[in-house]
Amino acid sequence: MRQVRTLGLLGTGVIGGGWAARALHFGIDVVAADAKPEMEEWLRGAVANAEGALSRLTFAPLPPKGRLTFTTDLHAMARQVDFIQENIPEQLELKQRVLADVSRHAPAEVVIASSTSGLMPSDLQRDMVAPERLLVAHPFNPVYLLPLVELVGGRQTSAAALEAARSFFSYIGMHPLHVRREVPGHLTDRLQEALWREILHLVNDGVATTGELDDSIVYGPGLRWAGMGTNLIYHLAGGETGMRHMLRQFGPCLKWPWTKLEAPELTEALIDKMVAGTQAQAAGRSIRELERLRDDYLVAIQQVLREYNLGAGATLRALEERLYEAAAAEARPRIAAAGAAGAAGDGGGPLRLLETYVRPEWIDYNGHMTDSRYLQVFGDATDALFRYAGIDEAYRRSGRALYTAESHLLHKAEAHSQERIHVVSRIVEVDEKRVRLQQGMHRTRDDALLATVEQVYLHVDTVSGRVAPMDAAVRTRLAAIQTATR
Ligand SMILES: NC(=O)c1ccc[n+]([C@@H]2O[C@H](COP(=O)([O-])OP(=O)(O)OC[C@H]3O[C@@H](n4cnc5c(N)ncnc54)[C@H](O)[C@@H]3O)[C@@H](O)[C@H]2O)c1
């Protein structure tokens, strides 16, 4: 299976557009194919719209954005991509026909995944060439913000295809959930449908409105669900003896039962009630407005959950760790070469540590990069340098870290939205408890100097909160870089 640099999309509606936005944001090129040429404009609009919230999800250093191309030639798309995600309408025969067709043009090592909400992978792979590379990868709307993707293999799916998919989706910041047995509706839609069925009954029976039913979730269980699922929450509801007590106490009512298993008849009257109810809830706000509101709170919730390393927040943390590590890995050969030269007593001048671009949301009301972002970008460069010296997550977990004690920032020229920038750094002083750095931020296009910073970091024992000597190996590496960047 291939390392994914280019993602092919088959169908570019709501879900295809979400996949495009997510992949492009994390540096993957996208070749999007749709039967309708007019979908290109729609797709580009959807990607631009998604970028608003997506770009606020994390400030960790990102690779350059991927390139988006659009075609109506599905075969041409299949020939030039490393991974294909299918997102055409939910009709078994249509999907079977298109997947079989595309599989004749995509090399056998290209994984083909379907976004299907409930069809079975064994049925989808039936007529394909190399059916072992087909699996279901079921995402959730908006795909660019929700990390969950259910992975389901069919009878012929290979373990290698599942593993390649798991690795690719993790790379673009998702949480792949392996559904070990194919069942209609996978896992999540089965659960969602159970709730949805009860909603339809309660509205149909005139018990509650759509708004009241949404309130019954939003003000209560919905808040819990973002961090803990129903099972763990019920374990807590059972008191000291947890789930066992919970089942003893509330288990019998499962036999009454409260809920209705069959869906109600979708009569015109029921449809009207559902539509009128949700229109009242929207209160005149357009779908676009509501989407923006939803996207904003989805970003905020994930950032809160990150602090607790819980659910989607844990996924965000893992993604950021990978992004920082990727930025550090990019700089590592240059730091290592400089470090070796420094150990041999040679000085080669400042080191180029970080390549990035000015994100649109870093711009202030004057149209320039806002003050705090300078420190953030310099901080990302420092992170790469310190990681090389051995100050990484494991070092911090051992109770030691470098804390910023001083920063002197000078602004020399303005940085504008989307401009590519890079940071060069030198260590001017190291002793057993202190590192002094000088860094310069440059516009990559013409190397113009945008800002400089001089910073002092103190090595701290994070348990006692006191300044303490650093690890000898870390100090040796930093000293070699000091010599190298003279
Ligand atoms: N909408 C959701 O919330 C959601 C969530 C998860 C999964 N899904 C699944 O994703 C898939 C797509 O759903 P959607 O909501 O994006 O649908 P959609 O109708 O918005 O988009 C489907 C796209 O496929 C294109 N298309 C149709 N036939 C084609 C063909 N033969 N070749 C190429 N393109 C073709 C259409 O032009 C359209 O742009 C479905 O399988 C659905 O079950 C949807």
Side-chain angles (χ1 to χ4, degrees), residues 14-15 18 50 53-54 56-57 117-118 138-150 173-175 177 179 185-205 207-239 242-243 246 249-250 253-254 257-260 263-264 273-317:
V14 174
I15 294 303
L54 188 50
R56 287 195 302 278
L57 183 63
S117 300
H138 176 229
F140 293 81
N141 190 34
V143 181
Y144 51 90
L145 288 181
L146 294 187
L148 181 61
V149 55
E150 293 178 303
M174 301 186 85
H175 178 83
L177 175 62
V179 180
H186 324 311
L187 300 182
T188 313
D189 279 356
R190 230 173 119 163
L191 299 180
Q192 291 201 119
E193 196 197 76
L195 195 59
W196 174 231
R197 232 176 6 224
E198 292 311 313
I199 287 173
L200 290 170
H201 273 298
L202 290 162
V203 172
N204 200 37
D205 297 346
V207 176
T209 64
T210 60
E212 288 160 352
L213 291 167
D214 281 355
D215 285 354
S216 79
I217 297 297
V218 167
Y219 290 93
L223 286 174
R224 300 192 300 217
W225 278 335
M228 295 181 185
T230 298
N231 297 309
L232 191 55
I233 285 291
Y234 281 3
H235 179 58
L236 301 186
M243 179 56 90
M246 174 72 192
Q249 188 173 358
F250 294 106
C253 43
L254 292 172
W258 285 338
T259 52
K260 307 199 177 184
K273 272 188 179 175
M274 293 298 296
V275 171
T278 42
Q279 265 171 0
Q281 287 179 265
R285 291 166 296 179
S286 68
I287 296 282
R288 263 286 135 89
E289 271 176 274
L290 290 168
E291 275 175 354
R292 228 170 286 132
L293 180 63
R294 174 202 64 191
D295 288 3
D296 285 347
Y297 78 71
L298 286 176
V299 166
I301 286 174
Q302 290 180 70
Q303 287 170 346
V304 169
L305 289 173
R306 174 179 49 193
E307 300 307 311
Y308 297 91
N309 203 19
L310 208 54
T315 309
L316 182 56
R317 247 199 211 195

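For clarity, every value in this text was computed on a predicted model and none was experimentally measured.
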Subject >> Contact summary for P147 and G173, nearest pair of heavy atoms >> reply: CB-O, 3.8 Å
Original post:
Would the number of heavy atoms belonging to other residues, nucleotides or ligands and lying under 6.0 Å from CZ of R285 be above 12?
Top reply: yes
Original post:
Taking the side chain as C-beta and beyond, is there a heavy-atom pair between L177 and H186 under 4.5 Å?
Top reply: no
**OP:** Give, for atom CZ of R317 and atom CD of Q302, the distance between the pair rounded to the nearest 0.5 Å.
**Re:** 14.0 Å
Original post:
Under 6.0 Å from the CG atom of L254, do we count more than 12 heavy atoms belonging to anything else shown?
Top reply: yes
Subject >> Ion pair check, R288 and E291, cut-off under 4.0 Å >> reply: yes
Original post:
Can you name the nearest heavy-atom pair linking G284 to E289, along with the distance?
Top reply: O-OE1, 4.4 Å
Subject >> Distance in Å, L57 CG paired with Q303 CD, rounded so as to fall on 0.5 Å steps >> reply: 6.5 Å
Subject >> Within-4.5 Å side-chain heavy-atom neighbours: N141 and L146 >> reply: no
Subject >> The single option from L202, V218, L200 passing side-chain contact (heavy atoms from CB on, under 4.5 Å) against L213 >> reply: L202
Subject >> Sub-4.5 Å side-chain heavy-atom contact between R294 and L145 >> reply: no
Subject >> Contact summary for L305 and A226, nearest pair of heavy atoms >> reply: CD1-O, 3.4 Å
**OP:** Taking the side chain as every heavy atom from C-beta outward, state whether F140 and D189 have any atom pair closer than 4.5 Å.
**Re:** yes
**OP:** Could you tell me whether the side chain of H138 reaches within less than 4.5 Å of the side chain of V179, counting heavy atoms only?
**Re:** no
Original post:
Any side-chain heavy atom of Q281 within less than 4.5 Å of one from T278?
Top reply: yes
**OP:** Side-chain contact test, heavy atoms from C-beta onward, threshold under 4.5 Å: evaluate it for T259 versus H201 and give yes or no.
**Re:** no
Original post:
How far apart are the closest heavy atoms of A53 and D295, and which atoms are they?
Top reply: CB-CB, 3.6 Å
Subject >> M274 CE to T209 OG1 distance, which is reported to the nearest 0.5 Å >> reply: 10.0 Å
**OP:** Kindly give the heavy-atom pair with the smallest separation between P221 and S216, and that separation in Å.
**Re:** CD-O, 3.2 Å
Original post:
From E307 CD over to L316 CG, what is the distance, rounded to the nearest 0.5 angstrom?
Top reply: 9.5 Å
Original post:
For the residue pair P139 and I15, what are the closest heavy atoms and their distance?
Top reply: CG-CG2, 3.9 Å
**OP:** Find the distance between CD (Q192) and CD1 (I199) and round it off to the nearest 0.5 Å.
**Re:** 10.0 Å
Original post:
How many angstroms lie between atom CD1 of I233 and atom CE of M243, to the nearest 0.5 angstrom?
Top reply: 10.5 Å
